[in-house]
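Heads up: the structure comes next, in structure tokens.
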Number of protein chains: 2
Amino acid sequence: MSSLTNNELDAPPWLRVESTLMATARLVREAFDTRLAPLELNLTQASLLGYVAEFGATTQTRLADHLGIGRASIGSVIDRLSDRGLVERQPDPHDRRVWRVEITAAGRALAGEVADVDEVLRAELRHGIGREERQALSWVLTRLQQNLQSAIRS
Amino acid sequence: MSSLTNNELDAPPWLRVESTLMATARLVREAFDTRLAPLELNLTQASLLGYVAEFGATTQTRLADHLGIGRASIGSVIDRLSDRGLVERQPDPHDRRVWRVEITAAGRALAGEVADVDEVLRAELRHGIGREERQALSWVLTRLQQNLQSAIRS
DNA sequence: AGTTGATTGTATGTTGCCGTACAGTATGTG
DNA sequence: CACATACTGTACGGCAACATACAATCAACT
């Protein structure tokens, strides 16, 4: 694992940005999953919980879009959270096709712990990285996403 | 998918770097997979082929480390490339446990096409992103990886 | 030499996500 | 109203990667 990183890093940087990016993403998931393990949540579940806690009940499709996974996948994520009583599917009064996914009291309590974990970890991740560097990272990633989207649609 | 991007982007940038990063990584894989589809390769297979083409025969474990996937996974990747006659497993004269994974003539030819695809796509991805910005991205990602590694080991 | 511990590649089962197809429902159009 | 079209959530099968356990082999130490 560390050998991976070393191999990646001694390559010409931009030449292998895609690899570095993928490796970093993997590490992000791993780090969050590790820290969230005591809560018995993975990153996806925690993100969903956090989103519902912050923005209130929404449909599954909106949740899927936000988390960047498919409508099919979000279903099973909600299933598991629902089994643990952290969220609830409530019928939408205006559209009988959709469920409104609402957080429960237990879910809200756990979401608070998730937020704590999140804050601590992000503070660690910021270490040694200045504010303007973080903004630059964000900007470049955004631009890169646009280019990727263009590349995919062609 | 575009709604994902929009949702991500209107969030506070650094607050959601992890999501942006993950989404970008997914797009990277998607873009490469799309462009590599005519060659009937995915990103992992192409990376392996490219690595062997450039650095010569190596063991499976080294390949796994380089690509950042597990020893178990690399086996099936090699299986498929081997079935198509693009690489070959050759016994190592000094260590009967290991295979030396060598590229074939057909594999080398295909690796050339992969390199072309790679170069074209990377040029597109650089669009609108300056040299120093790319270097900054690389630097921040590297630093972030270090922080992530520290976070995971604790 | 013999024994112990590390390493390589493989087998097996699990996870998380995808793509496709589908039934149910809503919405717009004639 | 009838009909076509679009959208929501689910079911199903597939894929790529993981973690774990294993046999074969090497290396080191006594």
Side-chain angles (χ1 to χ4, degrees), chain A residues 1 3-4 19 22-23 25-34 36-37 40-48 57-83 87-101 152, chain B residues 1 3-4 19 22-23 25-34 36-37 40-48 57-83 87-101 152:
Chain A
M1 337 209 153
S3 57
L4 152 71
S19 307
M22 309 280 301
R26 247 192 315 263
L27 286 173
V28 167
R29 177 168 291 276
E30 193 179 345
F32 274 89
D33 283 354
T34 302
L36 289 168
E40 295 187 81
L41 291 171
N42 64 25
L43 178 54
T44 304
Q45 295 167 335
S47 300
L48 195 156
T58 24
T59 70
Q60 299 194 180
T61 299
R62 289 174 74 106
L63 287 171
D65 280 352
H66 175 75
L67 298 189
I69 65 182
R71 267 165 301 161
S73 308
I74 209 76
S76 56
V77 177
I78 295 172
D79 283 345
R80 262 170 300 170
L81 293 178
S82 181
D83 287 347
V87 300
E88 269 179 356
R89 283 192 176 94
Q90 295 170 348
D92 184 307
H94 302 313
D95 189 335
R96 277 185 296 175
R97 292 172 305 177
V98 314
W99 295 104
R100 293 174 54 77
V101 178
I152 291 169
Chain B
M1 330 215 151
S3 57
L4 152 69
S19 307
M22 308 284 301
R26 247 192 313 266
L27 286 173
V28 166
R29 177 168 291 275
E30 193 179 346
F32 275 88
D33 284 353
T34 302
L36 290 168
E40 296 188 77
L41 291 171
N42 64 26
L43 178 53
T44 303
Q45 296 166 337
S47 300
L48 195 156
T58 24
T59 70
Q60 298 194 181
T61 298
R62 288 174 74 106
L63 287 171
D65 280 352
H66 176 74
L67 297 188
I69 66 182
R71 269 164 299 160
S73 307
I74 208 76
S76 57
V77 177
I78 295 171
D79 282 346
R80 261 170 300 171
L81 294 178
S82 181
D83 287 347
V87 300
E88 268 179 357
R89 283 193 177 95
Q90 295 170 350
D92 183 307
H94 302 314
D95 190 335
R96 278 184 293 176
R97 292 172 303 177
V98 315
W99 295 105
R100 295 174 52 78
V101 179
I152 291 168

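Here is how names work: the chains are called A, B, and so on, in the same order as the sequence lines, proteins then strands, and each is numbered from 1. Just so you know, these numbers come straight off a predicted model, no measurement behind them.
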Revision key, fill the gap. Looking only at C:dG16, D:dT25, C:dC17, the nucleotide nearest the A:R80 side chain is C:dG16

Exercise for review: Measure the angle between the two terminal helix axes of the helix from C:dA1-D:dT30 to C:dG30-D:dC1, five base pairs each, and quote it to 10°.
Suggested key: 20°

To check you understand the geometry: which heavy-atom pair defines the closest contact between [X] and [Y], and what is its length?
X      : Y     : answer
A:T44  : A:L67 : O-CD1, 3.9 Å
B:I152 : A:T34 : O-CG2, 4.3 Å
A:Q45  : A:L41 : OE1-CA, 3.3 Å
B:R100 : B:A57 : NH2-CB, 3.6 Å

Review point. If the sugar-phosphate is the primed atoms plus P, OP1 and OP2 and the base is the rest, what is the B/S/- string for nucleotides 4-10 of chain D, using protein heavy atoms under 4.0 Å?
Key: ---BBSB

Practice item. Using a strict 4.0 Å threshold on nitrogen-to-oxygen distance, state whether B:R89 and B:D79 make a salt bridge. Key: yes

Quick one: [X] [atom1] to [N] [atom2], roughly how many Å, whole number?
X     : N      : atom1 : atom2 : result
B:R96 : D:dA24 : CZ    : P     : 12 Å
B:I69 : D:dA16 : CD1   : C1'   : 9 Å
A:I78 : C:dG16 : CD1   : P     : 15 Å
A:R26 : C:dG16 : CZ    : C1'   : 15 Å
A:D33 : C:dT15 : CG    : C1'   : 11 Å

Exercise for review: Report the residues that fulfil side-chain hydrogen bond (donor to acceptor under 3.5 Å, both in side chains) with A:D33, sequence neighbours left out, ordered by chain and then residue number.
Suggested key: none

Point to revise | Within-4.5 Å side-chain heavy-atom neighbours: A:R71 and A:Q60 | key: no

Practice item. Determine: side-chain N/O of A:N42 to OP1/OP2 of C:dT15, distance under 4.0 Å, yes or no. Key: no

Check your understanding: Side-chain N or O of A:S76 less than 4.0 angstrom from OP1 or OP2 on C:dG16?
Key -> no

Review point. Just how far is it from atom CG of B:D83 to atom CD1 of B:I78, taken to the nearest 0.5 Å?
Key: 11.5 Å

